[in-house]
Structures are given as structure tokens and as C-alpha cells.
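Down below is the structure, laid out as C-alpha cells.
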Amino acid sequence: MTETQFTPRVFSGIQPSGNLHLGNYLGALKRFVDMQGPEYETVYCMVDLHAITVWQDPDRLREKTREVCAGFIAAGLDPGKSILFNQSQVPEHTQLAWIFNCIARIGWMQRMTQFKDKAGKNTQNASLGLFAYPALMAADILVYHATHVPVGEDQKQHLELTRDIAIKFNHDYGVEFFPVTEPVIGGPAPRVMNLRDGSRKMSSSDPSDMTRINMTDDADAIAKKIRKAKTDPDALPSEVGGLENRPEARNLVNIYAALNDQTAGQVLSEVGGKQFGEFKPMLAELAVEKLSPISSEMARLMGEEAEIDQILARGAERARAIAAPILQQTYEIVGMVGAGKS
């Protein structure tokens, strides 16, 4: 059995199917930026092929793909240090996904809770792409031999499937070719919740704009949404245990902690006993300080489409330089005639 030495490499992506919001920033973008450095090679993309598993307006998809790219850069991602591109410009993703469609089992796909949630009751009317896209997600990761993937709780199941596909491929072909990718889960705010209902996740699909802070919101909008966020009448506790059964209070404390690179416990040790009338202005000031420069830079970049497109094109070239040899080696292992020949 051949052994492969895997370069420590991080991969992750964001669907360009809605507005970037605070949950995307704290749960993904901020973590992506923090992982830049000498420890890992970092590869990030806009997963536009995943977005079209449900119908997208073409013009809006183009706009949102560029907007997510602008969000990555405005949040601090350096396209010189990280590879940044949109998924559809690297065809090796879909080519490897077909191999993985033949490795994955239908039963594995049927267990995916996100398919059940998105397809609803009429699963027979859902697209085949929506059913099979976890195999494409596995290909996104493994076509770079990514060793680590920062994921939210809602994506853990898909990463487990990626690990299953890698293990089965390696076993079926008697190789140690694909890494068994490790999830990177953590941070003080792994899940940012709805500002009007702390039991629901913040989402770009919610019809009320007051439920979320968009990454394109200006300082006035950010402050207004925090002032109007739902709370309860009690003072903040001094310890994390006091947030139990107080979802809105827990959400605002977690947001403050994540924005300020603290734990919830550290925040509560400083603000315990304060009423929300005193805490909300503190949170609003911090959020404006951290987020309004990002929204300003996003607005500038969105006015420079050619600059964004050039960044994505250069990123796709760098991504293909890694992905193409891995795909060719995969073809050779599987037995494709001509694999590995230029």
C-alpha cells in the first residue's frame, strides 16, 4: 500500500446564494482569516455550483459570487497568501465528484438531513444535484488533499460523509491516497442566532431584515438592529450557567465575545449585573468598530468588478495547479486509460 504525505492544507467555501451576514463572518470568514499563516496552506472558494442545486437568477448569482469574494477580502483574507476562487472555474471539482458519485452509496445520501430540510415533503421534485451535492462537497475538499476543514455544526454530517468517501476509496483501491479530513469546529460563536428569535439561526432567507446584520450594513443600520434586538427583562448574569433558557441573552453575549476575541465567560465577568439598556450600546459600539470598515471595503470592491474577476481568475489558476495532478492520479488509480499523460 502506497503512503502519501499530506501537506497541511485547509479548504472551505461559502455559497453565493444570499446576503453575507454576521453569522457568515463570525462562523466562517473570521475563522478563515485567522487560519492564514505558516501552519497551513489555505484554499477558499465561492461554491457557485452548490448554489444552483436550487434555481438561482443568473444575474443575481454573478453579483452574489462577486459580493462573497469582496466579503472574503474585506474581512482580511489576503489573495496572495490564500487561494481564492469560484468553484465553477476549476473543472476538477466536478470531474472528481463523478468518481465519488460511484464511490458513495445511495443510503449515505439518504441520511443527509440537509437534503430532507431543503427538499421538504416533495423529495421527488427536488433536483438530483441537491440529492448528490455532498459528493461534490467531498470532491471540493479532497481534490486539494485538504487535511482540515473549518465547519459549522450544520456541516458536520457532510464532512463525515467526506471522510467515509475517502476511507472507502482508499480501501477499494488499496491505497492511502486521500486524507481523512479533520473538522475544525470551535470559537465562542460557532452559531449566530436570529436577532428577533434566539432559538433560530441567523439566515439570509428570513423575510425580515431586522433578524440579521448584513455585512453590507452601514454603521447606523448595525447600531439600530442591535438596539432593537430581542432581549429579556433580567440583568446579565456573571457566569455562563446563568444564560441557560435565555436564548436571546446568550446570543448577544456570544456575539460580543466573538467580535472581541473573548469567551462568553470572560465577557460576563466584565458585564455581569448590567441591564440590556447598558449592554446593548456596548455591543453596538463594538460591532460598528469591527464591521463597518468591512462593509465600506466591500462597497469599494463591488464598484471594481474587474478587480474581483482578476483575483478570482488568478485564484482559479493556482487552485488548478494543485487539483489537476491529484485528479490525474485519481484517474490512474481507478484505471482510466491515458491518465497521467500530458
Side-chain angles (χ1 to χ4, degrees), residues 1-13 32 35-45 47 49-50 82-112 129 131-151 155-185 315-342:
M1 182 178 292
T2 58
E3 291 189 8
T4 304
Q5 294 296 317
F6 298 110
T7 299
R9 185 175 289 134
V10 171
F11 175 89
S12 198
F32 297 169
M35 295 187 83
Q36 283 187 140
E39 189 175 354
Y40 303 105
E41 286 186 5
T42 44
V43 182
Y44 299 122
C45 80
V47 285
L49 293 169
H50 289 302
S82 295
I83 297 175
L84 186 62
F85 65 102
N86 58 308
Q87 180 190 28
S88 60
Q89 298 308 299
V90 181
E92 286 78 8
H93 287 242
T94 49
Q95 291 171 281
L96 184 60
W98 177 254
I99 301 290
F100 288 170
N101 280 340
C102 300
I103 296 293
R105 306 291 93 176
I106 287 175
W108 299 358
M109 298 300 188
Q110 289 174 330
R111 290 196 293 271
M112 297 293 107
F131 181 71
Y133 99 87
L136 175 57
M137 181 175 169
D140 297 336
I141 296 165
L142 294 175
V143 79
Y144 301 101
H145 278 177
T147 55
H148 295 80
V149 175
V151 291
Q155 289 292 334
K156 279 179 66 178
Q157 190 184 36
H158 286 163
L159 189 57
E160 288 165 3
L161 179 77
T162 298
R163 290 163 59 90
D164 289 341
I165 288 173
I167 290 167
K168 189 174 189 304
F169 182 96
N170 291 344
H171 175 269
D172 287 355
Y173 291 100
V175 293
E176 291 183 4
F177 183 66
F178 287 114
V180 181
T181 307
E182 293 292 333
V184 181
I185 300 169
E317 283 183 19
R318 293 173 63 199
R320 293 198 72 187
I322 299 171
I326 290 173
L327 177 70
Q328 287 302 311
Q329 289 175 70
T330 306
Y331 280 171
E332 189 172 351
I333 290 166
V334 171
M336 303 297 185
V337 172
K341 300 185 188 302
S342 57

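- Distance check: Thr147 OG1 to Ile141 CD1 gives 11.0 Å after rounding to the nearest 0.5 Å.
- Of the possible donor and acceptor atoms, none in the side chain of Glu92 sits under 3.5 Å from a partner among the backbone N and O of Ile322.
- How far CG of Leu49 is from CE of Met137: 14.0 Å, rounded to the nearest 0.5 Å.
- Side-chain contact check for Thr162 versus Leu159: some heavy-atom pair is nearer than 4.5 Å.
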Exercise for review: Show your reasoning for whether side chain to side chain contact (heavy atoms under 4.5 Å, CB included) applies to Val90 and Val143.
Suggested key: CA-CA 10 Å; Val90 181; Val143 79; 5.9 Å; no
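- How far CD of Glu39 is from NE2 of His148: 7.5 Å, rounded to the nearest 0.5 Å.
- Asp140 is listed as a side-chain neighbour of Phe11, based on a closest heavy-atom distance under 4.5 Å.
- Nearest heavy atom pair, residue Phe85 against residue Gly315, reads CB-C, 3.7 Å.
- Panel note: side chain Arg163, backbone Thr181; a donor-acceptor pair is recorded below 3.5 Å.
- Among residues two or more places apart in sequence or in another chain, the ring-ring contact (aromatic ring centres under 6.0 Å, His included) test is passed with Phe169 by Tyr173, Phe178.
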Practice item. Take Leu136 and His93 through the test side chain to side chain contact (heavy atoms under 4.5 Å, CB included) and record every step on the way to the result. Key: CA-CA 7 Å; Leu136 175 57; His93 287 242; 4.2 Å; yes
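- Using modelled atom types, no side-chain atom of Gln328 and backbone atom of Ala324 make a donor-acceptor pair closer than 3.5 Å.
- Between Tyr40 and Val10 the shortest heavy-atom distance is CG-CG2, 3.6 Å.
- Contacts classified as salt bridge (Lys or Arg N to Asp or Glu O under 4.0 Å) and involving residues 94-108 (residues at least two apart or in different chains) are not found.
- Distance check: His145 NE2 to Arg9 CZ gives 8.5 Å after rounding to the nearest 0.5 Å.
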Please report, to 0.1 Å, the donor-acceptor pairs under 3.5 Å made by any side chain of residues 94-104, with sequence neighbours excluded.
| residue | atom | partner | partner atom | Å |
| --- | --- | --- | --- | --- |
| Thr94 | OG1 | Pro91 | O | 3.0 |

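- Counting only N and O atoms by type, the side chains of Ser82 and Gln36 include a donor and acceptor under 3.5 Å apart.
- The nearest pair of heavy atoms linking Pro179 to Ala166 is O-CB, 3.5 Å.
- Atom CG of Leu84 is separated from atom OG1 of Thr42 by 9.5 Å, given to the nearest 0.5 angstrom.
- Looking only at distances, a side-chain donor or acceptor of Asn170 sits under 3.5 Å from a matching main-chain atom of Phe177.
- Within the model, atoms OG of Ser12 and OH of Tyr44 stand 7.0 Å from one another, a figure rounded to the nearest 0.5 Å.
- When all heavy atoms are compared, the tightest approach of Ile165 to Ala138 is CD1-CB, 3.8 Å.
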